2 protein chains.
Amino acid sequence: MANIPPATVARLPLYLRSLASLPSDRPTCSSEELAQIAGVQSAQVRKDLSLVGLRGVRGVGYDIDGLRLQLTRLLGLDHEVRVVIVGAGNLGRALADFAGFREWGFTIVGLVDNDPAKIGTTVAGVPVNALSDLDRVVGDGEVSIGIIATPPGAAQDVAQRLADTGIRSILNFAPTVLRVDGIEVRRVDLSSELQILAHHLHGPGAL
Amino acid sequence: MANIPPATVARLPLYLRSLASLPSDRPTCSSEELAQIAGVQSAQVRKDLSLVGLRGVRGVGYDIDGLRLQLTRLLGLDHEVRVVIVGAGNLGRALADFAGFREWGFTIVGLVDNDPAKIGTTVAGVPVNALSDLDRVVGDGEVSIGIIATPPGAAQDVAQRLADTGIRSILNFAPTVLRVDGIEVRRVDLSSELQILAHHLHGPGAL
DNA sequence: TAGATTGTTAATCGATTAACAATC
DNA sequence: TAGATTGTTAATCGATTAACAATC
C-alpha cells in the first residue's frame with residue numbers, strides 16, 4: 001500500500017462513517033450516493049477509493065460491506081488502538097468520556113496529570129495517573145497515540161516525554177507548535193477555529 | 001479587502017499567537033523569526049502577510065505592534081464576538097470553560113440544552129438555557145457564532161434552528177455533515193483526527 | 001442490447017516554495 | 001556603502017473536477 005495523498009487519508013473516516021447512513025437493504029452503493037452523504041463530489045469519491053485500491057463494479061457500484069471492511073482495515077481500526085490523555089482538566093476529562101472514540105475501537109487506557117488532588121481518581125472509568133508514571137502507563141498499555149490536553153506552557157515538555165516513551169502519534173489540543181522528531185503530530189486548535197469564523201463575519205456578506 | 005485565500009486566513013491566528021513568543025525588546029521581527037515560531041517557511045509568512053496587505057520594511061522586517069493590531073482587526077477580534085454553545089454535555093461544558101476562547105475576546109453568552117435537569121444551572125458562570133429559548137438567547141445576545149456540541153442525531157436540527165435565528169457561523173463538533181444555506185460551517189471531527197493518526201501507525205515506519 | 005456507473009486521464013485550480021531584484 | 005530582508009514572480013507541487021471510454 002502506502003503513499004496515499006494526505007487529503008485522501010483525511011477523507012477516509014468520513015467515507016467510513018457515511019456508510020452507516022446508507023439504506024441497509026441494498027448490497028451496493030454508487031459513488032454518487034456516497035458523495036451526497038459525505039458532502040463531496042462523486043468524482044472525488046471515485047478518485048479517493050481508487051487511490052487506496054478499492055474498486056467497484058462498473059454499472060453497479062461499490063460493495064458496501066467490502067468498503068466498510070477495507071476502510072476499517074486501512075485506518076488501522078481492525079486492531080484495538082490504545083490512547084493516553086495527558087491533562088485531566090475540563091477538556092481532557094471530556095475527551096476521556098467522549099463516546100465517539102470508543103465507538104471506533106479506541107481505548108483510553110489512562111489520563112495523566114500532575115495535580116495530586118486528581119491523581120488516583122477516575123473519570124468515566126479511566127484512572128488518573130501521575131505524570132511521573134507516564135512511562136509505566138504507556139509502556140504497560142502498549143499505547144500508540146497520546147492526546148495532549150494541557151495548558152500551552154506544558155505542551156512541549158509533555159510532547160517530548162511522550163516521544164521518549166516511544167509513542168507513535170500525538171493529537172495536540174494545546175495552542176502550541178510542537179517540536180518533536182519522528183512522531184506524527186496533528187493539531188486541533190479550538191481558538192483558531194473560532195478566529196477563522198470570526199474573520200468571515202466581516203468579509204463579503206457581512207450585515 | 002476580501003478574497004484572501006482560505007489557507008492564508010487559516011494561518012492568521014497562528015501568526016497572531018506567534019507574536020506573543022517574540023522577544024519584547026525589539027520593535028520589529030523578520031519573516032524568518034516568525035516562521036521559526038509558527039513552524040512554517042519564511043516565504044509562506046511573507047506571502048501570507050503580503051496577501052492580507054501587511055507590509056514590512058526591506059532590510060528591517062515587520063513592525064510587531066502593527067502586525068498584532070492589524071491581524072487582530074483582520075480576524076474581527078477588535079469587536080467582542082458573542083458565541084452560544086448548544087449541548088451541555090461533557091464537551092459543551094468543557095468548551096464553556098475553555099480559557100483559550102475568552103483570551104481572544106470571545107464571549108460565551110450561554111449554553112443550550114434540552115435536559116430539564118441541566119436547564120437553569122450554570123457552568124463556569126455560563127447559564128444553561130432551554131433549547132426552546134434558543135431564539136431569545138441568540139437574539140438578545142447579538143450572537144454571531146454557534147457551537148454545536150450535541151450528539152450526532154441532533155446536530156442537523158440544531159444547525160437549522162441556529163440558522164433560523166440569524167446566526168452567521170457554526171463550529172460543529174458533532175460527527176455530522178450539516179446542510180444549511182448561507183452560513184459558514186467549520187467542522188472539528190475528533191474521531192476522524194484519531195483515525196487519521198491510526199492510519200499512519202501502519203504506514204511506512206511502522207514497527 | 002441499453003442503461004448505469006466505474007476508473008482514469010487530462011484540465012483546472014489552488015497552495016507552497018525558490019529565487020532574486022528591489023530597497024531599506 | 002554593505003548587509004539584511006522584503007515583496008513578488010515564476011516554478012513546482014498537490015488537490016479537485018470534468019469528461020468520457022471502458023465495461024458491467
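Heavy-atom basis, side chains included; hydrogens, waters and symmetry copies ignored. Protein chains get the first letters and strands the later ones, always in sequence-line order, with residue 1 at the start of each. Since this is a predicted model, take the numbers as computed values, not measurements.
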For A/D63 and C/dT6, what is the distance between atoms CG and P respectively, to the nearest whole Å? 13 Å
Please state how far atom NZ in B/K47 lies from atom C1' in C/dC20, giving the value in whole angstrom units. 15 Å
Given D/dT17, C/dG7, D/dA10, the nucleotide with the shortest approach to the side chain of A/S50: C/dG7
Pick the nucleotide of DNA chain D nearest each of A/V60 and A/D48; which residue has the one closer to the 5' end? A/D48
Donor/acceptor link under 3.5 angstrom from A/R58 side chain onto base of C/dT6: yes
Within the structure, does a side-chain N or O atom of B/R11 lie under 4.0 Å from either OP1 or OP2 of C/dT16? yes
Of A/P6 and B/S30, the one whose closest nucleotide on DNA chain D sits nearer the 5' end is B/S30
Would you mind reading off the distance between B/E33 atom CD and D/dA4 atom P, rounded to a whole angstrom? 14 Å
Both distances below 3.5 Å, Watson-Crick or wobble geometry, any strand: find the nucleotide opposite C/dT12. D/dA15
Would you indicate which nucleotide in C/dC24, C/dA19, D/dA15 comes nearest to any side-chain atom of B/R46? C/dA19
Selected nucleotide, minimal atom distance to A/S31 side chain, candidates C/dT6, C/dA15, C/dA18: C/dT6
Rounded to the nearest angstrom, tell me the gap between atom CG in B/L67 and atom C1' in D/dT5. 15 Å
Could you check whether atom CD of A/E103 has more than 12 heavy atoms from other residues, nucleotides or ligands sitting under 6.0 Å from it? yes
Quick check: are there more than 12 heavy atoms from other residues, nucleotides or ligands sitting under 6.0 Å from CG of A/D181? no
Roughly how many Å is it from CD in A/Q41 to P in D/dA19, rounded to a whole number? 12 Å
What is the distance from atom CZ of B/R93 to atom CG of A/N90, rounded to the nearest 0.5 Å? 9.0 Å
For A/Q36 and C/dT5, give me the distance from atom CD to atom C1', rounded to whole Å. 15 Å
Given atom CG of B/L51 and atom C1' of D/dT8, what is their separation to the nearest angstrom? 10 Å
If the cut-off is 4.0 Å, is A/Q44 near the phosphate of D/dT16, judged by side-chain N/O to OP1 or OP2? yes
Any donor and acceptor pair, going by atom type alone, linking the side chain of B/R26 with main-chain N or O of B/T28 inside 3.5 Å? yes
Is the phosphate of D/dA22, meaning OP1 or OP2, less than 4.0 Å from a side-chain N or O of A/R55? no
Please give me the minimum heavy-atom distance between A/A155 and A/N172, naming the atom from each residue. CB-OD1, 4.5 Å
Over how many whole Å does the gap from B/N3 atom CG to C/dC13 atom C1' extend? 14 Å
What is the base-pairing partner of D/dA22, counting Watson-Crick and G-U wobble geometry with both distances under 3.5 Å? C/dT5
Distance test, side-chain N/O of A/Y62 to OP1/OP2 of C/dA4, below 4.0 Å: no
